Amino acid sequence: MPQTLPLHTLSSWQEQLADLLTDPLELLRCLNLQPSEVGYSEAALHEFPLRVPRAYVARMRPGDARDPLLLQVLPALAELAQTPGYALDPLEEASATVAPGILHKYQGRVLLITTQACAIHCRYCFRRHFPYADNRQSRADWEQSLCYIERDGSIEEVILSGGDPLALSASHLDWLFERLRRIPHLRRLRLHTRLPLVLPDRVDARLCEQLRALPWPAVVVLSANHAREFDAAVDSACAKLREAGVTLLNQSVLLAGINDEAEPLTALSQRLFSAGVLPYYLHLPDPVQGTAHFDVSLARAQELLATLRARLPGYLVPRLVREEAGKPGKTLL
Ligand SMILES: *Cc1c(COP(=O)(O)O)cnc(C)c1O
Ligand code: SF4
């Protein structure tokens, strides 16, 4: 008897990463939706292409034009609005770039843009206008970035970001970990990634071995915005990471129409905990051109947080933060 398994369970993570869904009309067909009923925009697609793993599409609800997973990836008409005060680089990351692909804004921590690739394109992304092409890392650039970390003894933590650092191949990660291992003042390694959520097969035995073998504790910060982003495969990926000694945290973005109610935020914290992940940050969206329709006011955010504090144990309440250019850390609200 031929087995009918969902396609994504049949192929390796590399194959899945090479087979992302990029055609919005195909996505909408999979979900039995019409372009007009979801506010799809081809112009928005050209500004920031669609990319979404099929394993993530499988968690969307067919027929639901307001599906919280769909809304995170669908190129929408609302993105074309030009909003005064909204910038291409609101965090002034360009000025914090101290070496190719390195942002050094906060004490003791540097953020390393490891790759421009992401497995998923999130419409609210504050890096949607990031000049990735200018930050493409050649070996020589890598050396320059690593020398910067080597020279500054106050850097205790390297944060691998992107793009998505887990979009890098295992051998590239090996090379990077080996280089970082030689820097004596490092104490922690952090990865900001969405891959364990959107393409859970990325968490394979090789990755777990690589993380287990690190000389310092590793922290993986996921970015789930909704409880429905979790399924059994994601639970299993999280369990494997924890078995490899990784501390799992989550940062979310407060997004209008996706999670800006007490119910989904409460459910998200509870779902995170059951996967062994603690909530870390809840970000107010950055004022990035093309994302104003996701905005939630500070007053509303604070009201939601008060509700979470009343409903949940303190360790399941994320810190409400906003990033502001030129501040020594994220601003607690
Ligand atoms: C968010 C961020 C960090 C890490 O901040 P934490 O508060 O330690 O999570 C570091 N560098 C940059 C540039 C950041 O944006
Ligand atoms: S995975 Fe992260 S960096 Fe990539 S588009 Fe989504 S939010 Fe942006």
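As the structure lists them, so they are numbered: ligands from 1, and atoms in each ligand from 1. These numbers were taken from a predicted model, which means no experiment stands behind them.
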Could you verify whether a donor N or O on one side chain and an acceptor N or O on the other, from T266 and R311, lie under 3.5 Å apart? yes
Can the ring centres of H104 and Y148 be said to be less than 6.0 Å apart? yes
Under 4.0 Å from ligand 1, counting heavy atoms only, is it the side chain of E323, its backbone, both or neither? side chain
Ligand-side contact atoms (ligand 2) for residue partner C118, heavy atom cut-off under 4.0 Å: 1 (S), 3 (S), 4 (Fe), 5 (S)
Please determine whether any non-hydrogen atom of D164 lies less than 4.0 Å from an atom of ligand 2. no
Once you round to the nearest 0.5 Å, how far does CZ of R123 lie from NE2 of H121? 8.5 Å
Determine which pairs satisfy salt bridge (charged side-chain N to carboxylate O under 4.0 Å, His left out) with at least one residue from residues 183-199, sequence neighbours left out, and list them in order. E156-R187, E156-R188, E157-R188, E157-R190, R194-E229
Select one of side chain, backbone, both or neither to describe which atoms of R190 lie under 4.0 Å from any atom of ligand 1, heavy atoms only. side chain
Heavy-atom distances under 4.0 Å decide this one: backbone, side chain, both or neither, for I159 against ligand 1? side chain
Note the single closest protein heavy atom to atom 7 (O) of ligand 1, along with its residue, its atom name and the distance in Å. Y281 OH, 2.5 Å
Does ligand 2 have a heavy atom under 4.0 Å from the side chain of C122, from its backbone, from both, or from neither? both
Per-atom contacts of ligand 2 with R194, taking only distances under 4.0 Å to non-hydrogen atoms: 1 (S)
If you scan protein heavy atoms around atom 1 (C) of ligand 1, the nearest is K330 NZ, 1.6 Å
Can you list everything that forms a ring pair (Phe, Tyr, Trp, His ring centres under 6.0 Å) with H226? Sequence neighbours excluded, please. none
Determine the sole option in N225, T291, D295 for which the side-chain hydrogen bond (donor to acceptor under 3.5 Å, both in side chains) test with Y124 is passed. N225
